[in-house]
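In the text below, chain A, chain B and the rest are named by the order of the sequence lines, each starting its count at 1. Atoms considered below: every heavy atom in the structure, side chains included; atoms not considered: hydrogens, waters and symmetry mates.
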2 protein chains.
Amino acid sequence: MDAEVIKRSLQSSGLRCTAPRYAMMAFLTDHKGHPTAAEIFKAVNRVDPRSSRATTYNNLRDLVKAGLVREVAVEGRAGRFDLEGMRHHHFVCDRCGNVEDVDWYDVPQPASHSLGKRVVRECQLIFRGLCAKCAQRAPR
Amino acid sequence: MDAEVIKRSLQSSGLRCTAPRYAMMAFLTDHKGHPTAAEIFKAVNRVDPRSSRATTYNNLRDLVKAGLVREVAVEGRAGRFDLEGMRHHHFVCDRCGNVEDVDWYDVPQPASHSLGKRVVRECQLIFRGLCAKCAQRAPR
DNA sequence: CCCTATATTAGATATAATCTAAATCATTCA
DNA sequence: TGAATGATTTAGATTATATCTAATATAGGG
Ligand SMILES: [Mn+2]
Ligand SMILES: [Mn+2]
Ligand SMILES: [Zn+2]
Ligand SMILES: [Zn+2]
């Protein structure tokens with residue numbers, strides 16, 4: 001019963017379990033492909049066509065702030081989202097913009113003097129280049 | 001004579017040394033604060049008010065492709081740019097969006113089997129949280 | 001079952017980036 | 001030096017992405 005898990009994870013973050021929020025979390029649980037906000041919006045509305053773009057963005061913001069969801073910013077394109085489940089890194093394709101998971105491995109922290117008074121919330125390791133599919137196609 | 005350095009670095013990348021390109025590189029050399037495309041556009045036009053937004057974006061794209069400039073994507077905000085000079089990592093402030101440099105240290109590569117047929121061009125380590133200034137201000 | 005802080009909604013607005021096709025320019029080579 | 005030419009630039013329109021607004025609805029505690 002995944003439903004209970006989602007409900008509890010929302011509530012334990014101080015977020016009400018609303019229909020749009022639940023639908024977004026359920027969608028992200030089932031679709032590991034790093035969807036954009038627009039894709040999440042469309043998917044949620046296919047089920048129950050009443051949600052608003054504003055709600056999608058508001059909720060993504062809140063879910064990221066609560067640590068349930070992670071955003072991967074992609075230059076010149078819409079940001080991509082995924083569940084903060086098992087730790088992993090990311091690979092972003094220069095050509096097609098796809099975001100793919102890379103197995104987790106530990107990354108050393110910076111020397112504390114080089115962070116100064118900054119407060120670190122998270123640390124993302126992002127690889128860029130050509131995904132397997134794009135690497136095979138002709139260059140340029 | 002910085003001018004010659006810029007000119008040569010452009011040409012050795014197969015890029016003509018044009019006025020807008022030169023001005024952009026000079027501006028990035030002098031301003032280490034990770035400006036946005038809009039800021040670069042404005043700065044270049046203050047000197048010689050003839051450049052176009054399209055040229056700014058085109059050139060940033062080409063300079064990144066040539067490896068002379070790096071882009072840091074920031075969720076929900078304009079991307080930030082800096083020169084690929086001394087290697088370093090980045091810190092992005094959740095609240096004010098500022099991008100700051102973090103001293104370089106070596107990051108281990110992923111196991112090659114976990115990259116598969118992907119071709120890695122670069123690897124970015126990005127920290128997120130509150131910058132020193134924002135960390136001091138009241139929370140929320 | 002009520003109450004109310006929290007959340008949602010439609011649509012307008014703001015911001016960021018790309019596209020177009022005509023004009024210009026940097027570089028090469030005779 | 002003086003074409004020739006492919007790369008580059010340009011203004012402005014267009015698209016893509018994200019946020020704002022203020023009226024309405026609802027989750028969840030009491
Ligand atoms: Mn992921
Ligand atoms: Mn930097
Ligand atoms: Zn690809
Ligand atoms: Zn800050």
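We find that CZ of Arg77(A) is positioned 12 Å from P of dA16(D), with the value rounded to whole Å. At whole-Å resolution of the value, CG in Leu15(A) and P in dA7(C) are 6 Å apart. For Lys65(A) and dT6(C), the NZ to P distance is 13 Å, given to the nearest whole Å. Remark: P of dT19(D) and OH of Tyr57(A) are 7 Å apart, rounded to the nearest angstrom. Nucleotide dA18(D) holds its P atom 11 Å from the CD1 atom of Ile40(A), rounded to whole Å. Atom P of nucleotide dT6(C) and atom OH of Tyr22(A) are separated by 24 Å, given to the nearest angstrom. Atom CZ of Arg53(A) and atom P of dT19(D) are 12 Å apart (whole Å). Distance Asp62(B) CG to dG6(D) P: 18 Å, rounded to the nearest Å.
Across all strands shown, Gln11(B) has heavy atoms under 4.0 Å from sugar-phosphate atoms exclusively, and none from any base. Within 4.0 Å of Ala54(B), counting heavy atoms only, lies at least one base atom of the nucleic acid. Contacts of Ser51(B) with the nucleic acid, taken as non-hydrogen atoms under 4.0 Å apart, involve only primed sugar atoms and P, OP1 or OP2.
Side-chain atoms of Asp101(A) and His90(A) include a donor-acceptor pair closer than 3.5 Å.
No hydrogens or angles were tested; on distance alone, nothing pairs the side chain of Thr18(A) with the base of dA7(C) as donor and acceptor under 3.5 Å. Side-chain atoms of Ser52(A) and base atoms of dA10(C) include a donor and an acceptor less than 3.5 Å apart.
Using a 4.0 Å cut-off, some side-chain N or O of Arg21(B) falls inside it from OP1 or OP2 of dT8(D). One finds no side-chain N or O of Asn58(A) lying less than 4.0 angstrom from the OP1 or OP2 phosphate oxygen of dT19(D). Considering only side-chain N and O atoms, Asn59(B) lies nowhere under 4.0 angstrom from the phosphate OP1 or OP2 of dT8(D).
For Val102(A) against Ser114(B), the heavy-atom pair with the smallest separation is CG1-OG, 3.8 Å.
One hydrophobic cluster, built from ILVMFWY side chains closer than 4.5 Å, cannot hold both Phe127(B) and Val72(B); they sit in different ones.
Of the two residues contacting DNA chain C, namely Ala19(B) and Ala78(B), the nearest-nucleotide position lying further toward the 5' end is that of Ala78(B). Both Pro20(A) and Cys17(B) lie near DNA chain C, and the one whose nearest nucleotide falls closer to the 5' end is Pro20(A).
Classified by interplanar angle (parallel below 30°, tilted 30° to 60°, perpendicular above 60°), the ring pair Tyr105(A)/His89(A) is perpendicular.
Counting only heavy atoms from C-beta outward, the side chains of Met25(A) and Leu63(A) approach each other to under 4.5 Å.
Of the candidate nucleotides dA7(C), dA18(D), dG6(D), dA7(C) has the atom nearest to the side chain of Arg16(A). When distances run from any side-chain atom of Thr55(B) to the nucleotides dG28(D), dT10(D), dA7(C), the shortest one goes to dT10(D).
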